[in-house]
Amino acid sequence: GNSVTQMEGPVTLSEEAFLTINCTYTATGYPSLFWYVQYPGEGLQLLLKATKADDKGSNKGFEATYRKETTSFHLEKGSVQVSDSAVYFCALTKNSGGSNYKLTFGKGTLLTVNP
Amino acid sequence: DVKVTQSSRYLVKRTGEKVFLECVQDMDHENMFWYRQDPGLGLRLIYFSYDVKMKEKGDIPEGYSVSREKKERFSLILESASTNQTSMYLCASSFFRPAKSSYEQYFGPGTRLTVT
């Protein structure tokens, strides 16, 4: 079955540091890949996505590239801010088949950015 | 903007009570989902629905049931609440056949349920 493995946190950084959160996946076929973010006390919001190999998703200074050869979708940001403190979830869904609307999530990575 | 709303942000119930969690979306989405979120376990799918009156079990359906009488509304029911159902409950919705392979789900703010 499908699965997503992301680096365990918590991750603590100083403001303006470089961020990488690793995500690898196992899936049949060609999944779409997502990063969701959950700010304290809120639901999940879509941060970025990529639907095919070599696609790069980007939003709010965050980037992730769909690497089929390494089955990875690592999240990066060049300079984090205190406001980026949140839980980040990597997720995938199949692009075909009867369950193409179901998301498989990683367990989440808590990021804390200190001023 | 897509809006998914949940009836309560915080709820406290007693063991054995029947609990209803309501979710409403305004984007005419066919699919709706209920997840629970627990520390160290991430999000786990309880039930989902792809049409009115249609439902399918997710990964952890035991102790829960659902109801979808209208397209925009999806209810999660705890028939007899237990303390191990204390959790954050998240509702989500999505299109069934989205354009441009855009399968993302849109989430509500969550309901933090405590069962005492």
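Throughout, protein chains are lettered first and strands after them, A, B, ... in sequence-line order, and every chain is numbered starting at 1. None of these values were measured; they are calculated from a predicted model. Values below: all heavy atoms of this structure, side chains included; hydrogens, waters and symmetry mates excluded.
B:Tyr10 and B:Val19 fall into different hydrophobic clusters, where Ile, Leu, Val, Met, Phe, Trp and Tyr residues are linked whenever their side-chain heavy atoms come under 4.5 Å apart, directly or through other members. At a threshold of 4.5 Å between side-chain heavy atoms, the hydrophobic network of Ile, Leu, Val, Met, Phe, Trp and Tyr places B:Tyr106 and B:Trp34 in two separate groups. B:Leu21 is not connected to B:Val4 by any chain of hydrophobic side-chain contacts under 4.5 Å among Ile, Leu, Val, Met, Phe, Trp and Tyr, and they are in different clusters. No continuous path of hydrophobic side-chain contacts links B:Phe74 to B:Leu45 [ILVMFWY only; heavy atoms under 4.5 Å]. B:Leu90 and B:Val24 fall into different hydrophobic clusters, where Ile, Leu, Val, Met, Phe, Trp and Tyr are joined by side-chain heavy atoms under 4.5 Å apart, directly or via other members.
In this structure, the portion of A:Leu46 lying under 4.5 Å from any heavy atom of chain B is its side chain and not its backbone. Of the two parts of B:Gln6, neither the backbone nor the side chain holds a non-hydrogen atom closer than 4.5 Å to a non-hydrogen atom of chain A.
A 6.0 Å sphere centred on CD of A:Gln81 holds more than 12 heavy atoms belonging to other residues, nucleotides or ligands. No more than 12 heavy atoms of other residues, nucleotides or ligands lie within 6.0 Å of NZ in A:Lys107, so this atom counts as exposed by the packing criterion. Crowding of B:Lys57 atom NZ: a count of heavy atoms from other residues, nucleotides or ligands under 6.0 Å not exceeding 12.
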Go through the steps for B:Arg44 and A:Phe105 under the test side chain to side chain contact (heavy atoms under 4.5 Å, CB included), then give the verdict. CA-CA 8 Å; B:Arg44 293 178 292 168; A:Phe105 286 92; over 6 Å; no
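Taken from CZ in A:Phe89 to CZ in B:Phe107, the straight-line distance is 9.0 Å, to the nearest 0.5 Å. Here the CE atom belonging to B:Met88 is positioned 6.5 Å from the CD atom belonging to A:Gln38, to the nearest 0.5 angstrom.
Using a 4.5 Å heavy-atom cutoff, the side chains of B:Glu104 and A:Phe34 are in contact. Contact of the A:Leu103 side chain with the B:Leu43 side chain is not registered, since no non-hydrogen atoms from C-beta on lie closer than 4.5 Å.
Of all residues spanning residues 109-116 of chain B, those with a heavy atom less than 4.5 Å away from chain A's heavy atoms are B:Pro109, arranged by number.
Legend: salt bridge (Lys or Arg N to Asp or Glu O under 4.0 Å) pairs involving residues 6-18 of chain B, not counting sequence neighbours, sorted by first then second residue: B:Lys18-B:Glu79.
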